[in-house]
Amino acid sequence: MSQVAATRSIHTSLLHPTSRSTQNRSRTLLKSPSFSSKHFSPKGNNITPKVSFANFPINASKSAPSEVVPISPEDDSKIEEELEKLRGLPELGDPSGGLWSKPIVRRKTKIVCTIGPSTNTKEMIWKLAEAGMNVARLNMSHGDHASHKKVIDLVKEYNAQSKDNVIAIMLDTKGPEVRSGDLPQPIILKNGQEFTFTIRSGVGTADCVSVNYDDFVNDVEAGDTLLVDGGMMSFLVKSKTADSVKCEVIDGGELASRRHLNVRGKSATLPSITEKDWDDIKFGVDNEVDFYAVSFVKDAEVVHELKNYLKSNGADIQVIVKIESADSIPNLHSIITASDGAMVARGDLGAELPIEEVPLLQEEIIRICRSMGKAVIVATNMLESMIVHPTPTRAEVSDIAIAVREGSDGIMLSGETAHGKFPIKAAKVMHTVALRTEAAIPGGQMPPNIGQVFKNHMSEMFAYHATIMSNTLGTSTVVFTRSGFMAILLSHYRPSGTIFAFTDNKRVQQKLALYQGVCPIYMEFSDDAEETFTKALDLLQKNGMVKEGEEVALVQSGRQPIWRFHSTHNIQVRTV
């Protein structure tokens with residue numbers, strides 16, 4: 001029984017790299033032949049590290065064999081403490097308390113919350129941030145610039161006041177949506193009934209409604225399936241005239257004004273960025289948002305066009321492409337390559353493609369993004385039932401867990417926080433489920449893409465070995481960055497410990513809020529490296545992020561050298 005308890009304790013303690021026994025235990029558990037590792041010191045640099053690393057055991061196998069570790073009387077009390085914590089795990093439907101409920105930097109997967117009528121006040125934005133929000137999303141399909149400006153100002157006010165947290169701002173473009181026109185009142189359509197969609201404006205009767213897209217008639221053919229609101233209603237196209245499409249109701253229901261329309265397996269022949277979108281993009285530049293989520297991206301040219309516009313305006317804003325149209329799937333690699341990341345927008349994706357393809361596409365998009373070192377967000381319907389109910393369905397909980405286990409950087413709430421009845425509870429549930437799922441993911445694994453690790457830049461080698469060190473010794477990683485590059489690279493390799501990314505650039509700090517495992521911290525850098533290192537470790541200890549005696553890996557690498565020569569890179573192990 002003691003041996004079983006010891007094994008359980010080892011697994012649990014590896015989840016908490018702050019424990020001194022973790023480091024000793026992980027060294028014992030993951031022993032492998034060691035090799036001498038060089039400490040590269042910049043020539044002419046005055047850095048005198050307190051601790052350098054040499055002859056640390058590095059586990060170079062995919063997995064270590066199980067080993068029963070003898071326990072001492074001192075360990076018994078620690079084992080019992082860990083078991084007590086495990087016994088105290090809360091019910092998933094009750095996010096109000098328990099071991100996993102309080103937002104801490106140890107949660108790696110980031111939470112994107114859409115801000116709307118339910119959450120667009122100072123009080124609610126503060127509460128969302130406390131509940132675990134990392135990115136505030138502005139949906140430009142709703143509201144006006146004045147209402148969105150108010151939210152941006154509130155988020156910036158929060159960032160200015162918060163000492164240990166930061167919220168990024170994401171502007172989500174409306175895109176080329178095809179919608180039905182206005183109706184005097186909702187109409188009830190029954191299965192088998194005939195109904196017509198027309199490009200003539202101002203039509204809204206019991207058997208015919210306008211569509212806001214002039215090429216609608218040209219885009220559909222007899223036999224196509226037309227979906228309303230992603231499949232809440234469906235129609236079979238029977239015939240068409242010069243200005244109308246006649247349909248048979250397959251799945252009836254209530255049709256209200258301005259409903260979203262899709263044709264199964266087809267995308268509208270509209271530009272991905274509309275005139276309204278360009279106005280919104282300019283608004284984002286003027287207000288210094290951190291990310292654009294671009295709707296209905298069909299090819300890489302759209303991304304290049306937007307990035308050229310941003311460059312010409314001197315705007316440091318990252319472009320996240322929303323994969324939500326059938327036309328984007330054949331061009332996935334080129335689209336993601338051109339972007340800074342992708343969002344799996346499962347609503348429209350499941351309307352334009354068979355729904356059974358969506359989970360497979362989600363997994364593939366996450367895999368591609370991770371292989372390219374790009375950010376990836378899973379979105380739509382994650383806690384849909386919590387728009388009206390205080391607890392989630394168990395299927396929704398599993399959905400969050402799957403996205404976390406697949407390695408998504410972010411998971412997103414839409415209507416749940418924009419206009420739902422329980423926005424704070426929804427954020428807490430997402431935080432709780434993500435944190436609990438991460439705790440069950442095995443540590444000590446090899447970093448991904450081992451064959452590509454040395455391919456592009458010396459920094460990749462150091463990010464790779466820093467990850468091995470984190471996974472083997474249970475250390476957190478400290479990095480100093482002015483561009484965010486090295487922190488993002490480390491995030492790509494998914495080290496088991498937290499990545500504490502110090503930067504002296506507020507915009508970089510906000511940008512890093514999206515990336516998995518990164519805890520971005522703003523701090524002024526001094527000209528003396530050793531002074532800055534000491535200040536950073538003192539700050540981490542003061543805020544309870546590391547404990548005295550804990551070891552951390554300090555990485556100096558990246559594209560923009562700080563306190564080192566361009567050709568010099570190093571990893572140090574420091575004891576707090």
Side-chain angles (χ1 to χ4, degrees), residues 3-19 21-23 25-26 29-30 59 62-69 78-95 97-111 132 134 359 362-363 366-367 370 376 378 382-383 392-411 427-448 467 470-476 491 493-499 516-519:
Q3 291 177 341
V4 173
T7 307
R8 183 78 174 273
S9 175
I10 291 164
H11 172 72
T12 308
S13 63
L14 284 172
L15 307 177
H16 302 278
T18 57
S19 169
S21 64
T22 299
Q23 296 151 11
R25 192 61 61 84
S26 61
L29 185 64
L30 300 174
N59 179 21
K62 286 192 175 180
S63 61
S66 299
E67 181 179 341
V68 176
V69 181
K78 295 177 181 177
I79 291 168
E80 190 58 34
E81 287 176 11
E82 297 293 347
L83 290 175
E84 283 300 318
K85 290 179 181 178
L86 288 170
R87 293 185 192 112
L89 288 179
E91 293 291 328
L92 287 177
D94 177 20
L99 179 62
W100 312 103
S101 63
K102 186 179 179 181
I104 53 174
V105 296
R106 298 303 181 196
R107 174 171 51 80
K108 295 173 180 293
T109 309
K110 303 305 179 72
I111 297 175
N134 302 107
Q362 172 177 311
E363 185 177 10
I366 292 174
R367 186 194 65 78
R370 289 194 61 185
V376 58
V378 174
M382 298 210 82
L383 288 172
T393 67
R394 300 331 181 228
E396 289 169 337
V397 170
S398 295
D399 186 32
I400 294 171
I402 289 168
V404 171
R405 294 184 71 88
E406 288 176 344
S408 183
D409 287 87
I411 44 184
K428 286 183 177 180
V429 166
M430 185 163 270
H431 163 78
T432 303
V433 175
L435 188 61
R436 184 63 184 92
T437 303
E438 290 167 0
I441 296 174
Q445 297 180 334
M446 291 297 288
T467 300
S470 175
N471 293 353
T472 306
L473 304 181
T475 61
S476 295
S491 172
Y493 286 113
R494 301 296 197 258
S496 59
T498 302
I499 302 163
Q516 202 262 17
V518 177
C519 176

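As a basis for the values below, the full set of heavy atoms in this structure was taken, side chains included, without hydrogen atoms, waters or symmetry mates. Residue numbers start at 1 and run along the sequence shown.
Using a 4.5 Å heavy-atom cutoff, the side chains of Thr467 and Arg494 are not in contact. Proximity of Ile400 to Leu383: side-chain heavy atoms (C-beta onward) are separated by under 4.5 Å at one or more points.
The backbone N or O of Lys108 sits less than 3.5 Å from a side-chain atom of Glu438, completing a donor-acceptor pair. Side chain of Ser491 to backbone of Gln516: a donor-acceptor contact under 3.5 angstrom is found. When atom types are taken as modelled, the side chain of Asn471 and the backbone of Pro495 share no donor-acceptor pair closer than 3.5 angstrom. One N or O on the side chain of Arg107 and one on the backbone of Gly132 form a donor-acceptor pair closer than 3.5 Å. Here the side chain of Ser496 pairs a donor or acceptor atom with the backbone of Ser470 at under 3.5 angstrom.
Among all heavy-atom pairs drawn from Val429 and Pro392, the shortest one is CG1-CG, 3.9 Å. Scanning all heavy atoms of the two residues, the minimum distance from Ala427 to Ile111 falls at O-CD1, 4.0 Å. In plain terms, the two heavy atoms of Thr109 and Asn134 that are nearest each other are O-OD1, 4.4 Å. The two atoms that bring Met382 and Val378 nearest to each other are SD-O, 3.5 Å, heavy atoms only. Contact between Ile411 and Ala434 at its shortest, heavy atoms only, is CD1-CB, 4.1 Å.
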Checklist entry - After noting the C-alpha distance and the side-chain angles of Asp409 and Lys110, does the key distance pass the side chain to side chain contact (heavy atoms under 4.5 Å, CB included) rule? => result CA-CA 6 Å; Asp409 287 87; Lys110 303 305 179 72; 5.9 Å; no
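Annotation: the span from Thr432 atom OG1 to Lys428 atom NZ amounts to 8.5 Å, rounded to 0.5 Å. Of the inter-residue distances, the one linking Arg436 atom CZ with Ile441 atom CD1 reads 11.0 Å to the nearest 0.5 angstrom.
Surrounding CD of Glu363 are at most 12 heavy atoms belonging to other residues, nucleotides or ligands under 6.0 Å away.
Residues forming a side-chain contact (heavy atoms from CB on, under 4.5 Å) with Thr393 (at least two apart in sequence, or on another chain): Ser385, Ala395, Glu396.
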